[in-house]
There are 2 protein chains.
Amino acid sequence: MRPLFHPAIEDVRPEAILHALADPSRAAIFAKIMRAGCVEACSALSAVGDRIIPKSSLSNHFKVLREAGLIRSERHGVELRNYSRWAEVEARFPGLLAGIINAYASAVGTDARAADTAGPR
Amino acid sequence: MRPLFHPAIEDVRPEAILHALADPSRAAIFAKIMRAGCVEACSALSAVGDRIIPKSSLSNHFKVLREAGLIRSERHGVELRNYSRWAEVEARFPGLLAGIINAYASAVGTDARAADTAGPR
DNA sequence: CCCATAGTTCCAAAATTCCGAACTATGGGA
DNA sequence: TCCCATAGTTCGGAATTTTGGAACTATGGG
């Protein structure tokens, strides 16, 4: 098992962030980690809206988020602990994440699949 | 030739916008149209940075931007006139486009391919 | 009517994404 | 220590998307 790769914040590219968050499932996963600050266990997020995500796809989603610089993952025993890198990304690209997360939140209701990106009720 | 399709602003989805702008060429094209307010002729944009974009790919890029709700295209004689739908998109998803365009602009220099997304000098 | 220009469509090759199945790593028990 | 369960990763092929050359369409002159 290759050690987890995390880009330095100065190596993070806007296109990677947009690509990562252009997928509603990934955006929902990221939104949840963001709001919680930290989410333990990838499998805690195996359902987005009503859609069940297979383990292998989930693993890949986390990898995409990680390599885009959006989250930091640490192995703790048998599971992964995922932290959002919001503060770092915000410092590098001010307003980017807020704009994206708000956009998804305000599109809820028009698109069921992104339901979990909904902001605080 | 099928008439050009433009989604109503309320049908515009965040994932379509992110997907459209996750491509540095498209982001550069959109940034240029945005700054100019309107750009005539797709072919005026056939080079992004040092990369030459084939006609057919360019045509497709404009289609993606159009169907994501980012631009409005009108046929004027033999050429297309492209307008940014910034104001509408901004009203629906406040801060989204600014965040994205600023992110690309501030990444310039670290990534040559996105050079044209640079903001006002 | 013919030509040039501007863009679109077609279609096949290349690149990506998706996901089931097999695998690896870690932490308990017995 | 050995075995099992859990959590996640990797492999590999099918499905989807993207790319771009060549042929096509539409419009405006001479």
Side-chain angles (χ1 to χ4, degrees), chain A residues 1-6 13 15-30 32-33 38-68 71-83 113, chain B residues 1-6 13 15-30 32-33 38-68 71-83 113:
Chain A
M1 238 172 228
R2 224 190 281 67
L4 303 168
F5 171 71
H6 296 91
R13 338 235 83 261
E15 59 268 38
I17 293 183
L18 296 197
H19 173 254
L21 297 180
D23 179 307
S25 305
R26 268 179 327 237
I29 290 170
F30 178 66
K32 191 169 252 172
I33 293 176
C38 158
V39 165
E40 303 178 22
C42 296
S43 44
L45 292 162
S46 56
V48 169
D50 51 359
R51 183 163 158 56
I52 289 163
I53 306 177
K55 253 158 68 115
S56 57
S57 305
L58 237 205
S59 178
N60 187 56
H61 284 330
F62 277 95
K63 183 175 163 207
V64 171
L65 290 171
R66 194 160 52 232
E67 298 187 345
I71 63 175
R72 188 178 299 282
S73 312
E74 291 172 12
R75 269 187 226 294
H76 280 257
V78 77
E79 67 188 22
L80 233 47
R81 210 161 287 175
N82 296 287
Y83 300 88
R113 289 191 317 284
Chain B
M1 237 173 230
R2 225 189 281 66
L4 302 169
F5 171 72
H6 296 90
R13 338 235 83 262
E15 59 266 39
I17 292 183
L18 296 197
H19 173 254
L21 297 180
D23 179 307
S25 306
R26 270 181 322 240
I29 290 170
F30 179 66
K32 190 169 251 173
I33 294 176
C38 157
V39 165
E40 303 178 23
C42 296
S43 44
L45 292 163
S46 56
V48 169
D50 52 359
R51 185 165 157 53
I52 290 163
I53 306 177
K55 255 158 69 116
S56 58
S57 304
L58 237 205
S59 177
N60 188 55
H61 284 329
F62 277 96
K63 184 175 162 206
V64 171
L65 290 171
R66 193 160 52 231
E67 298 188 346
I71 63 175
R72 188 178 298 284
S73 312
E74 292 172 11
R75 271 186 224 294
H76 279 258
V78 78
E79 68 187 21
L80 233 49
R81 209 162 288 176
N82 296 286
Y83 301 88
R113 291 192 316 284

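Scope of the values below: all heavy atoms of this structure, side chains included, with no hydrogens, waters or symmetry mates. Proteins come first, then strands; the chains are lettered A, B, ... in the order of their sequence lines, and each starts at number 1.
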Those residues that, when tested against B:R81, pass side chain to side chain contact (heavy atoms under 4.5 Å, CB included) (two or more places apart): B:C38, B:E40, B:H76, B:Y83
Give the rounded distance in Å between these two atoms: [atom1] of [X] and [atom2] of [N].
| X | N | atom1 | atom2 | value |
| --- | --- | --- | --- | --- |
| B:L80 | C:dA6 | CG | P | 12 Å |
| A:K63 | D:dA7 | NZ | C1' | 17 Å |
| A:N60 | D:dA15 | CG | P | 19 Å |
| A:F5 | D:dT9 | CZ | P | 16 Å |
| B:N82 | C:dA6 | CG | P | 14 Å |
| B:I53 | C:dT8 | CD1 | C1' | 16 Å |
| B:L65 | D:dT18 | CG | P | 13 Å |
| B:R81 | C:dG7 | CZ | P | 11 Å |

Say you draw a straight line from [atom1] of [X] to [atom2] of [Y]; how long is it, rounded to the nearest 0.5 Å?
| X | Y | atom1 | atom2 | value |
| --- | --- | --- | --- | --- |
| A:K63 | A:S57 | NZ | OG | 13.0 Å |
| A:R66 | A:F5 | CZ | CZ | 10.5 Å |
| A:L65 | A:I33 | CG | CD1 | 6.5 Å |
| B:I29 | B:I53 | CD1 | CD1 | 4.5 Å |
| A:S25 | A:R51 | OG | CZ | 5.5 Å |
| A:D23 | A:N60 | CG | CG | 9.5 Å |

Side chains of A:L4 and A:L80 in contact at under 4.5 Å (non-hydrogen atoms): yes
Test salt bridge (Lys or Arg N to Asp or Glu O under 4.0 Å) applied to A:R72 - qualifying residues, sequence neighbours left out: A:E88
[X] vs [N]: side-chain N/O to OP1/OP2 distance below 4.0 Å:
| X | N | result |
| --- | --- | --- |
| B:R51 | D:dG20 | yes |
| B:R26 | D:dT18 | no |
| B:S57 | D:dT19 | no |

Counting side-chain heavy atoms from CB outward, which of [options] is closest to [X]?
| X | options | answer |
| --- | --- | --- |
| A:D23 | D:dT9, C:dT8, C:dC18 | C:dC18 |
| A:L4 | D:dT19, D:dT9, C:dT8 | D:dT9 |
| A:P54 | C:dC18, D:dG8, C:dG20 | C:dG20 |

Distance-minimising heavy-atom pair for A:E15 and B:A22: CB-O, 3.3 Å
Heavy-atom pair of closest approach, residues A:S73 and A:H6: N-NE2, 2.9 Å
Letter per nucleotide, 5' to 3', of nucleotides 22-30 of chain D [B base touched, S only sugar-phosphate touched, - untouched; heavy atoms, 4.0 Å]: B--BBBS--
Contact letters for nucleotides 11-16 of chain C, in which S counts primed atoms plus P, OP1 and OP2 and B counts the base, heavy atoms under 4.0 Å: ------
Consecutive-pair stems (at least three Watson-Crick or G-U pairs, under 3.5 Å) that include DNA chain D: C:1-30 with D:1-30
Partners passing side chain to side chain donor-acceptor pair (under 3.5 Å) against A:H19 (at least two apart in sequence or in another chain): none
